[in-house]
Amino acid sequence: DYLEAGTLTVAAEHLPGEEWRIEAELLSDSLNIQTLGFREGTAVVDVGRSEGRVRMTAARGETERYSGRGTYSLEAEGGGTLNLDELLVDFDTVRWNLGGPASLSWSPEGYRIRDFQLVRPGTEAMRLRADGFLPLGGREGDFELDARHFSLNRLARVLQMETPLEGIVDFQGRLSGTSRNPTIEGVLSGQDLRYSEFSLAGVQSDLRYEDFQVSLDLSARDGGRQVLSAEGSFPLDLRLEKDSTDLADAPVDLEVHADSFPAAIALAFLKSMEEVRGTVSGSVNIGGIASDLEPSGTLVLADASALLPDLGVRQRDVQANLTLTPDGDVEVEGSMRSEGTAQVTGSVTLRSSLLEVGLDLEIQAQNFLAVNRRDVIGRLSGTTRIRGTYGGPLISGDLTVEAGEMMVEEVARSVEVLNLSDPAFFDEVGAVFAARGQGIRVNQNPFLQNLRLDSLTLTMASDRWLRGRQLNIE
């Protein structure tokens with residue numbers, strides 16, 4: 001989308017006219033394409049009215065370079081063909097290159113890929129192969145994708161992902177049927193998988209998609225044993241051409257078994273938690289229909305811990321028994337430690353949206369470090385009840401603040417109001433954020449933002465302090 005500096009050389013002939021032709025060469029420095037950044041790049045094109053040649057190179061440094069070369073032709077009916085003669089990706093001492101000439105054709109009938117092969121020679125040879133026809137307009141298709149010893153780490157480098165992605169993947173899949181009702185069959189396996197802080201030693205899965213249903217048989221390994229298995233079917237829309245078909249009444253029948261499965265993966269959807277540790281074990285059956293799931297079974301969370309950055313505390317020794325019922329209620333019984341202890345009992349009602357998840361929990365705390373932030377620190381004892389929803393919790397009970405501190409200057413900063421609709425604000429900082437390609441990240445934990453109190457008795461013990469640069473009051 002932008003480049004720091006460059007030189008563009010253009011030559012044209014037969015302008016205007018039917019036989020016009022343009023040759024151009026661009027030498028650029030520090031160019032950015034969408035989210036991909038490169039230190040340098042070149043593009044050489046020789047184009048006419050309906051055909052042309054293209055050669056491009058890009059580099060992120062001395063050890064990572066990309067290059068490609070090919071020709072194209074356009075048709076009057078809106079179709080065309082791209083012939084790829086060369087594609088090279090160099091990582092340090094590793095090279096990916098085309099296994100031979102390949103082509104991509106497109107038309108109103110669909111897309112056809114011929115003989116695309118990306119290979120890495122050597123003792124641990126890698127191959128990515130795609131060949132076949134992806135249909136449109138209700139036509140029949142036949143497409144195959146085959147990946148052998150494919151490195152996710154190298155893929156992450158190509159995509160310039162900031163979050164670590166590692167592992168070796170093998171996949172063989174085939175698509176047949178029509179664009180409006182395709183059939184997909186595939187086999188997937190992965191080894192030494194890692195994404196961010198989540199890791200698994202291996203994954204194996206057979207899958208089939210037909211008539212809007214995915215059937216799978218999946219197993220995951222870690223620590224030399226199977227930690228997860230899933231078998232059954234569930235609805236999904238993978239059509240190349242979609243209409244208004246509603247899958248709300250489609251049946252779901254899925255069995256999931258966990259044996260010391262990493263809690264960090266199971267709880268990844270809870271963005272308010274970081275550095276999750278521990279394991280999940282148990283069996284769950286998910287039945288019913290897509291719009292009204294009926295889960296049943298039991299799960300045990302053992303030896304878990306998690307950091308809650310919004311509260312500034314780490315909860316340790318988390319143990320919980322969860323019993324799922326077909327009406328969507330999850331009976332909860334658990335305990336945790338944050339210097340002090342807390343016991344949790346009650347139920348959680350599952351909903352399609354996290355904000356709508358129902359809460360009916362009772363927490364009995366004993367000298368429990370509930371918050372440890374720059375503006376406030378507090379240890380609590382007593383009984384609290386949480387009702388309502390995750391997006392609108394209602395707190396009641398009888399609590400005692402055993403010990404705590406409130407920092408006057410930090411509290412003052414946290415309650416200062418900044419009018420984001422003030423044009424002067426955007427005049428000063430809006431252009432800076434836009435130029436850097438960053439958004440304004442605002443901490444918006446809905447549970448804490450929308451928390452309400454109802455008949456809550458709060459008793460202050462003696463060890464409670466109001467502190468500041470020039471005051472120290474108990």
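Since the structure is predicted, the reported quantities are computational estimates derived from the model, not experimental observations.
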*Between R65 and D90, is the closest basic N to carboxylate O distance under 4.0 Å?*
no
*Do T42 and T57 have side-chain atoms, one donor and one acceptor, less than 3.5 Å apart?*
yes
*Should the heavy atoms of other residues, nucleotides or ligands under 6.0 Å from OH of Y111 be counted, would the total exceed 12?*
no
*Going by an N to O cut-off under 4.0 Å, is there a salt bridge joining R194 and E166?*
yes
_Please report the interatomic distance CZ(R379) to CG(N372), rounded to the nearest 0.5 Å._
8.5 Å
*Step by step, would you call R157 with E64 a salt bridge (charged side-chain N to carboxylate O under 4.0 Å, His left out)?*
CA-CA 9 Å; R157 287 183 63 174; E64 186 173 339; 3.0 Å; yes
_Side chains of T63 and D92: any donor to acceptor distance under 3.5 Å?_
yes
*Do E19 and R49 sit within salt-bridge range, that is, some charged N less than 4.0 Å from a carboxylate O?*
no
*Salt-bridge present (R148, D146; N to O < 4.0 Å)*: yes
*Hey, what do you get for OG1 (T71) to CG (L82), rounding to the nearest 0.5 Å?*
7.0 Å
*Can a donor-acceptor pair be found between the side chains of E241 and S179 at a distance below 3.5 Å?*
yes
_Counting neighbours of CZ on R55 that are heavy atoms of other residues, nucleotides or ligands and sit closer than 6.0 Å, is the number greater than 12?_
no
*Does S215 reach the main-chain N or O of S233 with its side chain, forming a donor-acceptor pair under 3.5 Å?*
no
*Please work out which of the three classes, parallel, tilted or perpendicular, describes the rings of F150 and W96, given edges at 30° and 60°.*
tilted
*Output all residues satisfying salt bridge (Lys or Arg N to Asp or Glu O under 4.0 Å) with E162, sequence neighbours left out; order by chain, then residue number.*
none
*Supply the atom-to-atom distance Y195 OH to M161 CE, rounded to the nearest 0.5 angstrom.*
5.0 Å
*Does L31 offer a backbone N or O that forms a donor-acceptor pair with the side chain of S28 under 3.5 Å?*
no
*Counting only N and O atoms by type, is there a donor-acceptor contact under 3.5 Å from the side chain of Q160 to the main-chain atoms of G37?*
yes
*asked:* Is the shortest side-chain heavy-atom distance between S229 and V256 below 4.5 Å?
replied: no
*Greater than 12 external heavy atoms within 6.0 Å of E13's CD*: yes
*Sole candidate of L350, V252, V330 that passes side-chain contact (heavy atoms from CB on, under 4.5 Å) when paired with P295*: L350
*Check for a donor-acceptor pair, side chain of N153 on one end and backbone N or O of L155 on the other, with a separation under 3.5 Å.*
no
*Does the pair E210/R208 count as a salt bridge with the N-to-O cut at 4.0 Å?*
yes
*Qualifying residues under ring pair (Phe, Tyr, Trp, His ring centres under 6.0 Å), relative to F38, sequence neighbours excluded*: Y66
*Measure the spacing between CZ of R154 and CG of L165 and express it to the nearest 0.5 Å.*
12.5 Å
*asked:* Holding to side chain to side chain contact (heavy atoms under 4.5 Å, CB included), I want the full list of residues that pass it with S30, two or more places apart in sequence or in another chain.
replied: E4
*Under the salt bridge (charged side-chain N to carboxylate O under 4.0 Å, His left out) criterion, do E405 and R467 qualify, and how do the steps go?*
CA-CA 7 Å; E405 298 181 1; R467 302 189 189 277; 3.2 Å; yes
_Looking at D29 and R39, is there a salt bridge between them, counting it only when a charged N and a carboxylate O are closer than 4.0 Å?_
no
*V348 to L359 - nearest heavy-atom pair and separation*: CG2-CD2, 4.3 Å
_Closer than 3.5 angstrom, by distance alone: can the side chain of R373 be matched with the main-chain N or O of D310 as a donor-acceptor pair?_
yes
_From D142 atom CG to D131 atom CG, the distance as rounded to the nearest 0.5 Å_ = 8.5 Å
*Can a salt bridge be assigned to the pair E144 and R129 using a cut-off of 4.0 Å between side-chain N and carboxylate O?*
yes
